[in-house]
There are 2 protein chains.
Amino acid sequence: MNSNGDGITQARETGTLGKLMVLLDLVTHADAPLRFTDILSLAGQPRGTLHRQLSHLVEEGLLELDGDGRYSPGLRLLDFAARSWARNEFRLIAEPHLAALQQATGETVHLGVLRGSSIIYLDKVEGRQSVRMYSQIGNASPCYCTGVGKAALSLLAPESLRGLVAGLSFTRFTASTHVSAETLLAEIREIADRGYAFDCEEHEAGIRCVAAPVWSEDRTFIGGISITGPAYRLSMELLREWAVPVQLAAERIMEGMRIRLGPRR
Amino acid sequence: MNSNGDGITQARETGTLGKLMVLLDLVTHADAPLRFTDILSLAGQPRGTLHRQLSHLVEEGLLELDGDGRYSPGLRLLDFAARSWARNEFRLIAEPHLAALQQATGETVHLGVLRGSSIIYLDKVEGRQSVRMYSQIGNASPCYCTGVGKAALSLLAPESLRGLVAGLSFTRFTASTHVSAETLLAEIREIADRGYAFDCEEHEAGIRCVAAPVWSEDRTFIGGISITGPAYRLSMELLREWAVPVQLAAERIMEGMRIRLGPRR
DNA sequence: ATTTTTGTTCCATTATTTGGAACTTAATTT
DNA sequence: AAATTAAGTTCCAAATAATGGAACAAAAAT
């Protein structure tokens with residue numbers, strides 16, 4: 001029953017916590033608040049069991065139950081996340097370099113890390129603000145159709161890569177989305193050779209990006225940074241030019257991490 | 001023991017999930033990554049037990065363990081929170097009204113809800129952007145020293161209010177922070193009468209705000225909106241003037257919720 | 001008014017968590 | 001370098017919590 005949408009869930013689903021997290025995933029990934037019965041059919045568990053599990057999640061503030069008996073994600077999650085984000089060392093170190101890259105190109109810059117088979121966006125720097133915060137930050141996107149994702153994959157050892165790709169279920173988002181392991185693996189090899197990746201409207205029509213891989217020495221972080229923008233403004237030629245500054249920024253971030261984290265180990 | 005910093009934790013700490021959440025709280029509320037031994041002393045649990053609990057949290061991506069054996073909040077929390085935020089109905093309805101209020105005054109506008117004895121900020125609209133996102137959103141602040149917090153308290157029934165205030169542990173942030181239940185309750189009564197609240201540098205020196213209460217009909221949300229800014233620019237006189245537009249915006253948000261949520265109940 | 005659907009509570013059975021102790025590994029001291 | 005101490009991990013019988021079927025209650029639909 002592990003209908004695991006996009007592979008953040010890396011855990012086996014045994015253990016009390018594991019079961020509860022499956023439920024939390026279910027509710028947070030839904031498009032609208034779910035009623036008890038909806039969850040019942042999705043989770044495929046006995047009513048009594050499910051009821052108690054949901055009650056526990058509500059008690060802890062991880063879910064909220066409104067007057068109509070509909071379950072939504074709890075706001076306590078926001079508090080946890082705000083702290084998680086504010087203190088993230090990788091993000092703190094990368095921030096100035098992302099800002100510089102944004103200044104230099106005028107386009108939107110992203111920072112993301114690989115978790116399971118998803119990219120979680122850690123930061124986003126935009127030129128013209130006024131865009132909603134949280135708009136992208138925290139969001140999980142598939143690794144096989146994003147610049148940051150493919151850059152991250154290019155860092156994996158052959159076995160890990162094969163294992164990860166084997167577990168992917170491809171969704172076609174646009175005409176150019178990779179939908180087979182073979183073409184994806186071929187492109188990853190190219191990316192590993194040249195050191196940077198493109199996303200040519202593979203995730204969203206009309207959106208392109210160049211991305212460079214970033215990693216920490218202890219491999220806790222495997223991710224990347226990217227410059228993203230509309231296809232009409234970002235020709236492939238321009239993107240190829242920008243590969244240089246993106247790679248440079250990636251270098252500087254990794255240097256920053258060595259300085260900051262190095263001494264302790 | 002349950003050294004519960006600021007009262008978001010509303011749950012009893014029994015049950016498997018409850019115990020794990022205490023740990024998650026501990027790690028996310030710390031200022032830096034914690035080592036096993038640090039957590040051991042803070043949590044006061046047997047080593048074997050703690051070790052397994054932490055392992056489970058790491059397996060689920062709620063905590064991360066780096067190469068130096070230090071535990072940090074997990075990035076999976078970001079994914080949960082991003083979804084929780086993106087879909088929050090209250091926030092979606094309030095958004096345009098917050099933006100309008102920001103435009104009208106030129107100052108920063110906040111939206112927050114009461115959870116336990118904390119205010120969780122759901123949204124923030126700033127004039128001059130370039131400020132870091134997540135900067136305030138998701139953060140939990142005490143209810144007794146914020147405009148939104150006091151506005152929210154003014155909505156509670158006498159018994160609930162007394163119960164909540166009795167459980168508060170006051171921290172003096174500035175010279176004007178409320179540090180006794182009596183003076184706080186007195187001010188809450190005033191606020192309930194006039195319909196809006198001030199924060200005169202009670203949480204942060206040099207920062208003032210006016211806030212109006214907002215609530216949903218089913219009382220799922222009890223919170224408020226505020227206009228915040230530096231004391232040198234926001235005289236008390238100006239804040240009193242702004243009480244009107246803030247209350248108006250609050251009215252419109254509540255109207256929006258009735259329209260959006262009403263039909264179904 | 002009756003039936004059906006939906007949501008909640010109960011409790012013996014089953015599975016998981018607990019915590020002390022033994023064990024391994026890493027860091028510090030002599 | 002050996003000895004000592006501290007830090008982290010694994011194990012297993014006992015204690016505790018979760019399970020799931022069924023009975024019960026409340027709301028909708030007929």
Side-chain angles (χ1 to χ4, degrees), chain A residues 1-2 9 11-27 30 32-60 62-72 74 217-218 220 261-265, chain B residues 1-2 9 11-27 30 32-60 62-72 74 217-218 220 261-265:
Chain A
M1 287 282 134
N2 183 20
T9 314
R12 60 164 218 284
E13 65 203 53
T14 93
T16 309
L17 180 61
K19 292 168 204 159
L20 292 173
M21 295 306 283
V22 170
L23 283 183
L24 195 51
D25 241 19
L26 242 160
V27 176
L34 295 176
R35 322 199 79 247
F36 180 81
T37 319
D38 303 330
I39 306 177
L40 186 62
S41 62
L42 288 167
Q45 287 200 80
R47 296 145 73 95
T49 302
L50 181 67
H51 188 262
R52 186 181 26 74
Q53 289 173 330
L54 290 174
S55 304
H56 284 172
L57 289 168
V58 169
E59 267 183 87
E60 292 297 335
L62 299 179
L63 288 183
E64 306 205 342
L65 177 56
D66 69 19
D68 294 346
R70 301 178 312 169
Y71 292 88
S72 318
E217 259 168 19
D218 66 355
T220 308
L261 303 177
R264 278 183 226 157
R265 11 211 109 204
Chain B
M1 305 282 143
N2 182 20
T9 316
R12 64 165 215 282
E13 63 203 57
T14 91
T16 308
L17 180 61
K19 292 168 204 157
L20 290 174
M21 294 306 284
V22 170
L23 283 183
L24 194 52
D25 240 20
L26 242 160
V27 176
L34 296 176
R35 321 200 82 242
F36 180 82
T37 320
D38 302 331
I39 306 177
L40 187 62
S41 62
L42 287 166
Q45 288 201 79
R47 295 147 72 96
T49 302
L50 181 67
H51 187 263
R52 186 181 29 73
Q53 289 174 331
L54 290 173
S55 305
H56 283 171
L57 289 167
V58 169
E59 266 182 88
E60 292 297 337
L62 300 178
L63 288 183
E64 306 206 343
L65 176 57
D66 68 20
D68 295 347
R70 302 178 312 170
Y71 292 88
S72 318
E217 258 168 17
D218 66 355
T220 307
L261 302 178
R264 279 185 226 156
R265 9 208 113 208

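Quick caveat: nothing in here was measured; it's all calculated off a predicted structure. Order of the sequence lines sets the chain letters (A, B, ...), proteins ahead of strands, with each chain counted from 1.
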**Item:** Among C:dT17, D:dG8, C:dG7, the nucleotide that comes nearest once only the side chain of B:R52 is considered
**Value:** C:dT17
**Prompt:** What's the CG-P distance between B:L54 and D:dA7, to the nearest Å?
**Reply:** 16 Å
**Request:** Whole angstrom is fine here: how far is it from CG in B:L17 over to P in C:dT18?
**Result:** 12 Å
**Asked** Taking the side chain of A:F36 as heavy atoms from C-beta outward, which of D:dG8, C:dG7, C:dT16 is closest to it?
**Response** C:dG7
**Request:** Send over the distance from B:D38 CG to D:dA7 C1', rounded to a whole Å.
**Result:** 11 Å
**Request:** Can you see which heavy atom on B:R35 is nearest to which on B:D68, and at what distance?
**Result:** NH2-O, 2.6 Å
**Message:** Does D:dT19 have its OP1 or OP2 closer than 4.0 Å to a side-chain nitrogen or oxygen of A:K19?
**Reply:** yes
**Message:** I need the minimum non-hydrogen distance between A:L23 and A:Q53, along with the two atoms involved.
**Reply:** CD1-OE1, 3.5 Å
**Request:** Mind calculating the distance between CD (B:Q45) and P (D:dA15) to the nearest angstrom?
**Result:** 18 Å
**Shortest side-chain distance from A:Q53, nucleotide among C:dT18, C:dG7, D:dT19** = D:dT19
**Item:** Closest nucleotide among C:dT18, C:dG19, D:dT19 to the B:P46 side chain
**Value:** C:dG19
**Request:** Mark yes or no for a side-chain to base donor-acceptor pair under 3.5 Å between B:R47 and C:dG19, with no hydrogen or angle criteria applied.
**Result:** no
**Item:** Exercise: identify the closest heavy-atom pair between B:H56 and A:L17
**Value:** O-CD2, 3.8 Å
**Rounded distance (Å) that lies between atom P of D:dT19 and atom NE2 of A:H51** = 14 Å
**Message:** Distance check needed: C:dG20 C1' versus B:L50 CG, whole Å only.
**Reply:** 15 Å
**Message:** Using the side-chain heavy atoms of A:T16, tell me which of these nucleotides is nearest: D:dA17, C:dT16, D:dT9.
**Reply:** C:dT16
**Asked** What is the distance from NE2 of A:H56 to C1' of D:dA18, rounded to the nearest Å?
**Response** 9 Å
**Request:** Give a yes/no answer on whether the side chain of B:T49 brings an N or O atom under 4.0 Å of OP1 or OP2 in C:dT17.
**Result:** no
**Asked** Contact class for B:R35 vs. all strands (heavy atom < 4.0 Å): base, sugar-phosphate, or nothing?
**Response** sugar-phosphate
**Complete:** Minimal heavy-atom distance between B:L50 and B:A43, with the atoms involved, is CD1-CB, 4.3 Å
**Item:** Minimum-distance nucleotide to A:T37 side chain [options: C:dT6, D:dT19, C:dG19]
**Value:** C:dT6
**Item:** Closest non-hydrogen atom pair, A:Y71 against A:V27
**Value:** O-CG1, 3.7 Å
**Message:** Without decimals, in angstroms, what is the distance between B:L65 CG and D:dA7 P?
**Reply:** 16 Å
